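Comments concern the structure below.
It should be emphasised that the depicted structure is a prediction, and the values quoted were computed from it without experimental measurement. Throughout, a chain's letter reflects where its sequence line sits, starting with A, and its residues are numbered from 1. Hydrogens, waters and symmetry mates are skipped; everything else that's a heavy atom, side chains included, is used.
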Number of protein chains: 2
Amino acid sequence: MQPLEGQLTMQDQGTKVDEAMARSAKPAGTDETQVNAARERFQRIYSILRSRICMLDYPPGTRLSEEALAAEFGISRTPVRRVLGWLESQGLLRSVQGVGTIVTDVEIGAFAQVYQLRMELAELVGKLSPVPPSEETIRLFHELEARGVELVARPDPRNFAQLNIDFFHALMRLTENEPLREISERLYYQTARIWLKSISHMDLAEEVAVFAREIAEIRTAVEIGDVSAAAYIRRSHISMSFVRLSTTSALR
Amino acid sequence: MQPLEGQLTMQDQGTKVDEAMARSAKPAGTDETQVNAARERFQRIYSILRSRICMLDYPPGTRLSEEALAAEFGISRTPVRRVLGWLESQGLLRSVQGVGTIVTDVEIGAFAQVYQLRMELAELVGKLSPVPPSEETIRLFHELEARGVELVARPDPRNFAQLNIDFFHALMRLTENEPLREISERLYYQTARIWLKSISHMDLAEEVAVFAREIAEIRTAVEIGDVSAAAYIRRSHISMSFVRLSTTSALR
DNA sequence: TTTTCTTATATTGTACACAACAGCATCTAG
DNA sequence: CTAGATGCTGTTGTGTACAATATAAGAAAA
C-alpha cells in the first residue's frame, strides 16, 4: 500500500487552514486506524468547521458556501459535502436547496432542555465507569487551573471559550463510558456557542472568576481521586450557569 | 460567508412540494418540515435502511452496495451516499474505501456501556419534562398491550422486534425533552439489533412473556398519569433484560 | 508444495457538469 | 405610479466518469 501521494496531498499542508486548530485535535476516543489519508482529512476538516461554529467564527445564521470551503481546503465540493452532512446530522447546520448551508440557532426552549439533560449527564460521569485519574490527567487539570488563573488576570471571550472547551474534554477523561462521552460531546457542542454568544451580554469578569473557581474545585476533587464529587461539582456549575443566563435575560 | 439577517423563515410559503411523491409511512419520531420532496425522500430511505439494519435484514457484517441500493430506489449513488453518511454518523455503518459499506457490530463491552446509559436515560424520561398522557397515548398503549397478548399466543422473533420498536417510540411520547428523545433513540437503534440477534439463543417464549408483562405494567402506570412510575418500570426491565442476556451468555 | 509477487475485480472516494430551486432585481402592463 | 410577472444569479442536489484502494485469485519461483 503506497502512502498518500495522489492528487491533493500537497495542498493539505498548504497551511491555508487555521494553524490554531492543531490543538483541538480530536478529543480522544477516536483512535481509529488511520490507514488512509481520506479519513484523516475528513476528521481534520470536521474538527476545524465544528470549532469555527462553536467559537462563533461562524455565528448562528451564517451561510456557508460549499464552493468556498472546497477552495479553501483545496478539494472539490464532494468531500466538503460529506463533512457538512455530518455537521448537519449533529444539528449544527442545515442545508436547504437554493438557499445555502446555514449555521443553526437554538431557541430558548430547546436550550433549556439541553441544559437540563447536560446536568444529568454530568452527574452520570461520576457513576458510569468512572476512571481513577492518572498522573497525567491530574497534571492536565493543574494546567487548566493555571490557564484559569491567567484568564482571570486578563479576561478574554475567545480564550474563555477555548479553555471551556479544553476543560470539557478533560472532564470526559473521567469516565470510560464511550457512549456517554459521545452524547455529552454532542450536547456540549450544540449549546457551547449559544452560551458563548450570551457571554457578551453578561459580566465577563464575574463569569471568568466563577469558572476559574469551578476548575479549582474540580481539580481538588480529581486530585484525591473522587470522580463522583467532581461530577457533582460540575453538575452544580452547569445548573448555576443556566440560572445566571436566564436571570440576566441574556438569551434573546 | 456573510451573516444572514433574514434567517430562514421564508421557505414556509414555498410549499410547492411534488405531490406525486410516494407517501410512505415514516415510523414516527421524525416530524421534519417536509417543504421539499428531496428531504422527504431522504428521510424515507433513511428510515427504511435503519429499519433493515435493526430488524436484522442486514445483519452485522453485511456489506451494502451503494450501486445496488441506488438501483433499488431508482436514483444514483450520490443521494444514497448521503443517507449512508448519516447512518455512519449514527454508528450503524462504516464505509471503507476498496472494501465496502459494512453494517457495524457491537462488542460486548460497548454493549454493556450502552445498556447502562440507556437505563439512566429511561429514568430521566420521568424526570425531564414528563408529559401527562393524552387519551390518544393511553389508547396507543392499550393497543400495544393487545399486540403483546397476541405475541404471547404466537411468539415470533420478527413481530417481537417490531413490537419492541413501536413500544419504544410510544415511551418517547412521555417526555417533551427533545434532546433526550433523540439520544435515547440513537442508543436504542445501536443496541436493538444486538438484542434481537441474541434472542435466537434464548427462550423466546419466556422473553415474550416478560415483555408482555412490562407493557401491561407500564400501560397501568400511564393510564393513571404516573409517568415517573412508568419510567422506573422501564428502567428495571432494561436492567433485567441485560442481566438475562449476560447470564445466558447469549452474547457471542 | 509453499511462498511471494502480480493482476483482476469490485468497491468506495473524488471531481465536475448540470439540474432544481429560492431570492432578488428588473421589466412591463394596467 | 403600482403590482405582478419574468428573467438573472447564486446555491444546494443529482448524475456520471474516473481515481484510489483493498481483497482475492492466479502465476511464477524457490
Side-chain angles (χ1 to χ4, degrees), chain A residues 1-12 33-46 61-88 93-104, chain B residues 1-2 4-18 20-21 33-46 61-89 93-104:
Chain A
M1 167 174 63
Q2 296 95 344
L4 46 112
E5 48 187 298
Q7 42 189 73
L8 33 87
T9 31
M10 60 293 289
Q11 289 151 342
D12 277 349
T33 61
Q34 299 144 352
V35 288
N36 59 30
R39 193 173 297 273
E40 198 173 346
R41 185 182 67 185
F42 172 86
Q43 276 292 342
R44 188 172 63 84
I45 299 179
Y46 177 81
T62 304
R63 254 184 16 197
L64 304 185
S65 167
E66 296 179 352
E67 203 157 359
L69 291 173
E72 174 183 350
F73 295 110
I75 54 182
S76 78
R77 277 179 54 207
T78 307
V80 170
R81 282 178 60 76
R82 195 140 69 99
V83 173
L84 297 182
W86 272 57
L87 291 169
E88 188 175 2
L93 294 178
R94 181 174 176 81
S95 292
V96 181
Q97 185 173 12
V99 178
T101 303
I102 296 128
V103 178
T104 58
Chain B
M1 274 174 246
Q2 308 89 319
L4 186 70
E5 304 84 6
Q7 293 294 65
L8 37 98
T9 48
M10 66 292 275
Q11 71 262 49
D12 282 346
Q13 49 259 51
T15 64
K16 225 178 69 155
V17 181
D18 196 4
M21 245 318 164
T33 59
Q34 304 142 351
V35 288
N36 59 32
R39 196 174 295 273
E40 197 172 347
R41 185 182 67 183
F42 172 87
Q43 277 292 341
R44 185 177 128 259
I45 298 179
Y46 177 82
T62 303
R63 259 186 15 197
L64 304 185
S65 167
E66 296 179 351
E67 203 157 359
L69 291 173
E72 174 184 349
F73 294 109
I75 54 182
S76 80
R77 277 179 54 207
T78 306
V80 170
R81 282 178 59 75
R82 194 140 70 99
V83 173
L84 297 182
W86 272 57
L87 291 168
E88 187 175 3
S89 80
L93 294 179
R94 180 173 177 81
S95 292
V96 182
Q97 185 172 10
V99 179
T101 303
I102 297 123
V103 178
T104 58

Smallest separation among heavy atoms of B:Tyr46 and B:Leu87, with atom names: CE1-CD2, 3.4 Å
Least distance between heavy atoms, B:Ser95 atom then B:Thr101 atom: OG-OG1, 3.2 Å
Would you say that [X] contacts [Y] through its side chain, given a criterion of any heavy-atom pair below 4.5 Å between the two side chains?
{"X": "A:Ile45", "Y": "A:Leu69", "answer": "no"}
{"X": "B:Ile102", "Y": "B:Thr62", "answer": "no"}
{"X": "B:Arg39", "Y": "A:Val96", "answer": "yes"}

Name every donor-acceptor pair, under 3.5 Å, that has one atom in a side chain of residues 70-81 of chain B and the other anywhere in the protein, sequence neighbours excluded.
residue: B:Glu72; atom: OE1; partner: B:Arg52; partner atom: NH1; Å: 3.3
residue: B:Glu72; atom: OE2; partner: B:Arg52; partner atom: NH1; Å: 3.2
residue: B:Glu72; atom: OE2; partner: B:Arg52; partner atom: NH2; Å: 2.6
residue: B:Ser76; atom: OG; partner: B:Thr78; partner atom: N; Å: 3.3
residue: B:Arg77; atom: NE; partner: B:Glu66; partner atom: OE1; Å: 2.8
residue: B:Arg77; atom: NH2; partner: B:Glu66; partner atom: OE1; Å: 2.9
residue: B:Arg81; atom: NH1; partner: B:Glu66; partner atom: OE2; Å: 2.8

Pair of N/O donor and acceptor under 3.5 Å linking D:dA22 base with B:Gln97 side chain: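 By the distance-only test, no, there is no pair.
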Spacing of B:Arg41 atom CZ and B:Arg82 atom CZ [to the nearest 0.5 Å]: 8.5 Å
Whole angstrom is fine here: how far is it from [atom1] in [X] over to [atom2] in [N]?
{"X": "A:Arg39", "N": "C:dG13", "atom1": "CZ", "atom2": "P", "value": "7 Å"}
{"X": "A:Arg63", "N": "C:dC21", "atom1": "CZ", "atom2": "P", "value": "19 Å"}
{"X": "B:Glu67", "N": "C:dT9", "atom1": "CD", "atom2": "P", "value": "16 Å"}
{"X": "B:Ile102", "N": "D:dA22", "atom1": "CD1", "atom2": "C1'", "value": "11 Å"}
{"X": "B:Leu84", "N": "D:dT14", "atom1": "CG", "atom2": "P", "value": "13 Å"}
{"X": "B:Arg94", "N": "D:dA22", "atom1": "CZ", "atom2": "C1'", "value": "14 Å"}
{"X": "B:Ile45", "N": "D:dT14", "atom1": "CD1", "atom2": "P", "value": "9 Å"}
{"X": "A:Glu40", "N": "C:dG13", "atom1": "CD", "atom2": "C1'", "value": "16 Å"}

Nucleic acid contacts of residues 69-82 of chain B, taken as heavy-atom distances under 4.0 Å to DNA chain C: B:Arg77, B:Arg81
Touch class at under 4.0 angstrom, heavy-atom based, for B:Leu93 against every strand present: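 The residue B:Leu93 makes no contact with any strand.
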B:Glu66 vs A:Gly98, nearer the 5' end of DNA chain C by closest nucleotide: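 The residue mapped nearer the 5' terminus is B:Glu66.
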Phosphate-side-chain proximity, B:Arg41 and D:dG13, N/O vs OP1/OP2 below 4.0 Å: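 So the side-chain polar atoms of B:Arg41 never come under 4.0 Å of the phosphate oxygens OP1 or OP2 of D:dG13.
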Can you give me the N/O atom pairs linking the protein to nucleotides 4-7 of chain C at distances under 3.5 Å, or say none if there are none?
none

